[in-house]
J.: 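I have a structure I would like to understand better, so I am pasting it below and will then ask my questions one at a time.
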Amino acid sequence: MTEQNKPDWFRKGIESGRIGTADRELIRFLENEYGALTEDEMVLTLFCSLFLNAGHVCLPLDRAPREWLRILDIPDSELSAGDLPEDPVPGISDSALFGTPEQDTPFVMGDNSLAFRRQYRLEQELMNRLRERTSDVPLFSEESASAEEAAQHLRELFDGRGNQNRMQKAAAALSLVKPLLIISGGPGTGKTTTVAAITELHRRIRGGTLRLALAAPTGKAAGRMGEALKHEYKKMGHEEDALPAEAVTIHRLLRGTGERGLLPPAGRRTLDYDLVIVDEASMIDLNLMSRLVNHLGEHTRLILLGDRDQLASVEAGSVFADLCSKPENTFSTEIAGMLKNLGVDLDVAAGDTEPLHDSILYLTKSYRFGSDSGIGQLAALVKEGEVDPGVLAGTFQKFGDISHHGFSFDTAGMQALAAGVSETLKRFSGIDDPETLLEEWKREVWLTVHRRGADGSEQLNRYAEQLVQGRGVAPGGWYHGRVIMITRNDYGLSVFNGDIGVCVKEPGSEGRMLVYIESGSGMKVLPASRLVHYTPAWFMTVHKSQGSEFGRVNLLLPSRESPVQTRELIYTAITQARDTFHLYGRIEKLASGIARPTERFSGLGGMT
């Protein structure tokens with residue numbers, strides 16, 4: 001069937017750009033292999049692809065196509081919603097495209113879901129490998145240290161710091177028992193403090209040496225992780241360079257483990273560390289998490305740190321949130337007994353039957369936000385779910401570290417935002433040190449909900465940079481003080497998606513522009529002309545800013561209701577603020593966003 005003979009909604013999707021080249025090639029490939037597709041087969045295939053591109057692992061078959069458009073935030077006009085089926089598309093048992101896990105079909109059908117076979121297999125294999133790591137393998141029985149010595153190390157590291165650290169001590173004790181440990185906690189709950197103590201504990205247990213890997217999904221998250229752990233190590237009395245590993249991106253950690261060339265590798269290349277610790281795990285998508293777990297050494301222990309209430313990954317999957325499925329800190333009687341022998345007496349109910357739950361621990365007490373913190377109170381309200389707009393307005397009025405301002409994306413509003421960028425650049429003009437420039441930039445950031453559209457970060461950055469053109473701008477649009485974000489991994493330049501950089505005019509040169517990029521725990525210098533995949537960072541989406549911390553966070557709410565504006569997105573924006581949080585937009589829109597939890601369709605949630 002030629003594209004001219006396709007349904008009206010398909011042709012409309014091509015005209016609007018919603019159905020791209022990859023989607024059209026997918027349909028063409030399937031028709032070459034299986035013959036002309038029926039309209040129902042086309043609907044299921046196309047929306048399965050659109051959902052995957054939007055971050056979902058599978059397509060919910062109990063929803064109708066028009067509901068799928070709402071979930072994807074696609075206007076009715078862009079796919080001619082009136083031409084799509086009003087009811088859920090029935091399962092097609094006689095189709096050669098859709099089958100059971102045992103059949104060799106391109107798609108796998110579940111009870112109420114449809115997924116590409118590759119994504120289905122990734123989820124199954126990931127869960128199998130994680131469950132293999134839920135067995136009890138006490139480190140102190142493998143190595144020279146005894147259980148009594150392990151308990152003594154735990155007392156030395158934790159007992160002098162007060163009883164409020166009991167769950168942190170429990171996490172450290174669990175890391176000695178479980179090859180897999182998942183720690184979820186909000187800002188200020190002591191995740192970094194706990195991890196610093198865990199690394200020291202494992203170093204002592206192993207007789208003073210520890211093969212350690214530290215990683216995070218993005219360069220800025222890795223850099224923040226490394227600096228925070230160095231600070232904790234100094235508080236423990238170590239030298240500044242005592243941290244036994246540099247924090248790097250997961251992609252950099254995995255370099256060399258992929259299969260390349262015509263011949264298969266002699267053996268699977270693994271990460272043969274004693275301990276791998278990964279921060280900001282909520283940002284890790286299904287594919288990357290699968291690669292990480294698949295390449296762990298047989299005796300390597302894995303610790304995943306994150307906040308289950310934050311945004312999921314940009315790419316497909318919500319792995320961390322799916323894994324953190326148990327409602328509270330409960331453990332099996334066996335594990336509770338093991339922890340008690342190590343000096344950790346948990347007053348929690350026992351009896352969970354899911355083996356993975358014994359490898360999950362929640363840190364719930366915040367040491368950063370007290371009762372007088374508006375940021376802490378606002379974040380707590382968001383986590384509760386539905387909140388009355390009046391309650392939100394009263395919270396903003398009660399605290400000095402949060403504020404609410406009306407805003408409109410009209411000419412005056414846009415000019416005010418762009419003028420703010422100009423003022424920042426005036427302040428930057430007298431600063432030549434790139435580290436100082438980046439620290440100044442981190443003092444205040446503007447975050448958006450959308451990337452595209454009149455209220456998106458792309459348009460706002462474009463508008464702001466139009467005002468600075470002609471102000472010492474070099475070829476390619478570069479100017480002193482320009483802050484940018486890398487948007488694609490470039491292994492040749494050793495810069496990675498999410499890295500932040502700043503442009504500095506080279507002293508004494510003829511206008512030569514250099515870009516200093518924070519990548520991991522270091523700073524890389526490149527000629528501006530060598531960078532290809534980047535975007536200005538005066539305005540960033542909340543997704544792109546994740547894994548960072550800023551002095552002041554300004555959140556711009558969109559001009560329209562959007563399914564992208566969810567509880568998790570708002571919580572993520574608020575909790576990135578260290579000192580103050582400022583909302584620009586209507587309180588009612590904030591309330592509607594808080595009432596809208598993120599919908600991520602995957603198969604992992606049903607396995608945990």
Side-chain angles (χ1 to χ4, degrees), residues 57-58 100-102 108 110-111 113 115 117-139 141-142 170-171 173-184 198 213 215 250 254 257 268 270-278 281-282 284-306 308 312-313 316-339 348 350-362 600-608:
V57 177
C58 57
T100 65
E102 295 75 27
V108 176
D111 292 337
S113 65
R117 182 164 293 274
R118 181 178 184 275
Q119 272 61 45
Y120 174 83
R121 285 177 174 169
L122 281 177
E123 285 193 325
Q124 295 292 321
E125 292 169 1
L126 174 60
M127 184 54 69
N128 288 339
R129 288 192 177 276
L130 289 176
R131 283 187 170 140
E132 289 171 0
R133 294 179 174 273
T134 60
S135 302
D136 302 334
V137 185
L139 185 62
S141 65
E142 294 177 353
L174 271 176
S175 76
L176 296 178
V177 176
K178 291 289 188 181
L180 168 69
L181 177 59
I182 300 170
I183 302 174
S184 176
I198 286 175
I250 300 174
L254 289 169
T257 61
R268 184 168 59 92
T270 57
L271 302 171
D272 291 320
Y273 295 93
D274 298 318
L275 182 62
V276 173
I277 302 175
V278 181
S282 64
I284 306 176
D285 61 79
L286 173 61
N287 184 58
L288 186 57
M289 185 72 82
S290 298
R291 286 184 58 201
L292 173 66
V293 174
N294 188 51
H295 287 97
L296 290 175
E298 182 181 354
H299 300 292
T300 300
R301 290 172 181 258
L302 173 66
I303 298 178
L304 299 175
L305 301 169
R308 61 174 176 167
S313 59
S318 52
V319 179
F320 190 78
D322 287 341
L323 293 177
C324 294
S325 60
K326 73 174 184 179
E328 55 189 1
N329 278 320
T330 56
F331 300 92
S332 67
T333 304
E334 181 181 7
I335 285 297
M338 283 188 177
L339 295 184
V348 294
D352 273 323
T353 56
E354 169 56 54
L356 184 63
H357 288 182
D358 274 342
S359 292
I360 301 169
L361 182 139
Y362 303 137
R600 272 288 172 98
F601 298 96
S602 72
L604 278 182
M607 302 184 206
T608 56

J.: Would you check if V319 and L126 make a side-chain contact, meaning some heavy-atom pair closer than 4.5 Å?
T.: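 Touching, per the 4.5 Å side-chain cut-off.
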
J.: Measure the shortest side-chain to side-chain distance between I303 and S175 over non-hydrogen atoms and say whether it is less than 4.5 angstrom.
T.: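 In contact.
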
J.: State, yes or no, whether a side-chain contact exists between M289 and I250 at a heavy-atom distance under 4.5 Å.
T.: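 Side-chain contact under 4.5 Å: no.
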
J.: side-chain hydrogen bond (donor to acceptor under 3.5 Å, both in side chains), that's the test. Do E102 and T100 meet it? Break it down for me.
T.: CA-CA 5 Å; E102 295 75 27; T100 65; 3.2 Å; yes

J.: Is there side-chain contact between L181 and I183, with heavy atoms separated by less than 4.5 Å?
T.: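 Yes; the side chains approach each other to less than 4.5 Å.
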
J.: What residues, two or more places apart in sequence or in another chain, satisfy salt bridge (Lys or Arg N to Asp or Glu O under 4.0 Å) together with D274?
T.: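 By the salt bridge (Lys or Arg N to Asp or Glu O under 4.0 Å) rule, D274 matches R206, R211.
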
J.: Please list, chain by chain and in numerical order, all residues satisfying side-chain contact (heavy atoms from CB on, under 4.5 Å) with E125, sequence neighbours excluded.
T.: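 side-chain contact (heavy atoms from CB on, under 4.5 Å) check on E125 returns R121.
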
J.: Any side-chain heavy atom of S602 within less than 4.5 Å of one from E123?
T.: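 Yes, their side chains come closer than 4.5 Å.
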
J.: Sequence neighbours left out, what passes side-chain contact (heavy atoms from CB on, under 4.5 Å) with S113? Give chain and number order.
T.: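 Applying side-chain contact (heavy atoms from CB on, under 4.5 Å) to S113 gives C58.
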
J.: Where is the tightest heavy-atom contact between V57 and A316, given as atom of each residue plus distance?
T.: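 What the structure gives for the nearest pair is CG2-C, 4.3 Å.
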
J.: Do M338 and E334 come close enough that some side-chain heavy atom pair is under 4.5 Å?
T.: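 M338 reaches E334 side chain to side chain.
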
J.: Measure the CG-CZ distance between L286 and R291 for me, rounded to the nearest 0.5 Å.
T.: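 Taking CG in L286 and CZ in R291, the distance rounds to 12.5 Å.
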
J.: To the nearest 0.5 Å, tell me how far L180 CG sits from L174 CG.
T.: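 These two atoms lie 10.5 Å from each other.
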
J.: Tell me every residue that passes side-chain contact (heavy atoms from CB on, under 4.5 Å) with V276, counting only those two or more places apart in sequence or in another chain.
T.: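 Expected list: A213, L253, Y273, V278, L296, T300, L302.
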
J.: Which residues satisfy the side-chain hydrogen bond (donor to acceptor under 3.5 Å, both in side chains) test with D272, sequence neighbours excluded?
T.: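 In terms of side-chain hydrogen bond (donor to acceptor under 3.5 Å, both in side chains), with neighbours along the sequence ignored, D272 is linked to T270.
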
J.: Taking R131 as the fixed residue, which of R133, R129, M127 is the one that meets the side-chain contact (heavy atoms from CB on, under 4.5 Å) rule?
T.: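 Output: one option passes, namely M127.
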
J.: Please list, chain by chain and in numerical order, all residues satisfying ring pair (Phe, Tyr, Trp, His ring centres under 6.0 Å) with F601, sequence neighbours excluded.
T.: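 F601 satisfies ring pair (Phe, Tyr, Trp, His ring centres under 6.0 Å) with H56 once adjacent residues are dropped.
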
J.: Can you list the residues that meet the side-chain hydrogen bond (donor to acceptor under 3.5 Å, both in side chains) rule with S318, with sequence neighbours excluded?
T.: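 S318: side-chain hydrogen bond (donor to acceptor under 3.5 Å, both in side chains) contacts with D322.
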
J.: Would you compute the distance between atom CG of L305 and atom CD1 of I182 and round it to the nearest 0.5 angstrom?
T.: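 Nearest 0.5 Å value for the CG-CD1 distance: 10.5 Å.
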
J.: Would you say D358 and K178 make side-chain contact, with heavy atoms under 4.5 Å?
T.: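 Yes; the side chains approach each other to less than 4.5 Å.
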
J.: Output all residues satisfying side-chain hydrogen bond (donor to acceptor under 3.5 Å, both in side chains) with N287, sequence neighbours left out; order by chain, then residue number.
T.: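 side-chain hydrogen bond (donor to acceptor under 3.5 Å, both in side chains) check on N287 returns R118.
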
J.: To the nearest 0.5 angstrom, please state how far the CD atom of Q119 sits from the OG atom of S290.
T.: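 Between atom CD of Q119 and atom OG of S290 there are 9.5 Å.
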
J.: How would you list, by chain and number, every residue that makes a side-chain hydrogen bond (donor to acceptor under 3.5 Å, both in side chains) with R308, sequence neighbours excluded?
T.: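 Checked R308 against side-chain hydrogen bond (donor to acceptor under 3.5 Å, both in side chains); matches are Y362.
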
J.: Do you know which two heavy atoms are closest between A170 and L339, and how far apart they sit?
T.: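 For A170 versus L339, the nearest heavy atoms are O-CD2, 4.3 Å.
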
J.: Working to the nearest 0.5 Å, report the span between CD1 of I360 and SG of C324.
T.: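 With rounding to 0.5 Å, CD1 (I360) is 5.5 Å from SG (C324).
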
J.: I want to check something: taking the side chain as every heavy atom from C-beta on, are L361 and F331 in contact at a cut-off of under 4.5 Å?
T.: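 SC-SC contact between L361 and F331 confirmed.
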
J.: Could I get the full list of side-chain contact (heavy atoms from CB on, under 4.5 Å) partners for S282, not counting sequence neighbours?
T.: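 For S282, the residues satisfying side-chain contact (heavy atoms from CB on, under 4.5 Å) (neighbours in sequence not counted) are Q310, F320, Q546.
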
J.: What's the spacing between T330 OG1 and K326 NZ if we round to 0.5 Å?
T.: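 Interatomic distance, T330 OG1 to K326 NZ, rounded to 0.5 Å: 5.0 Å.
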
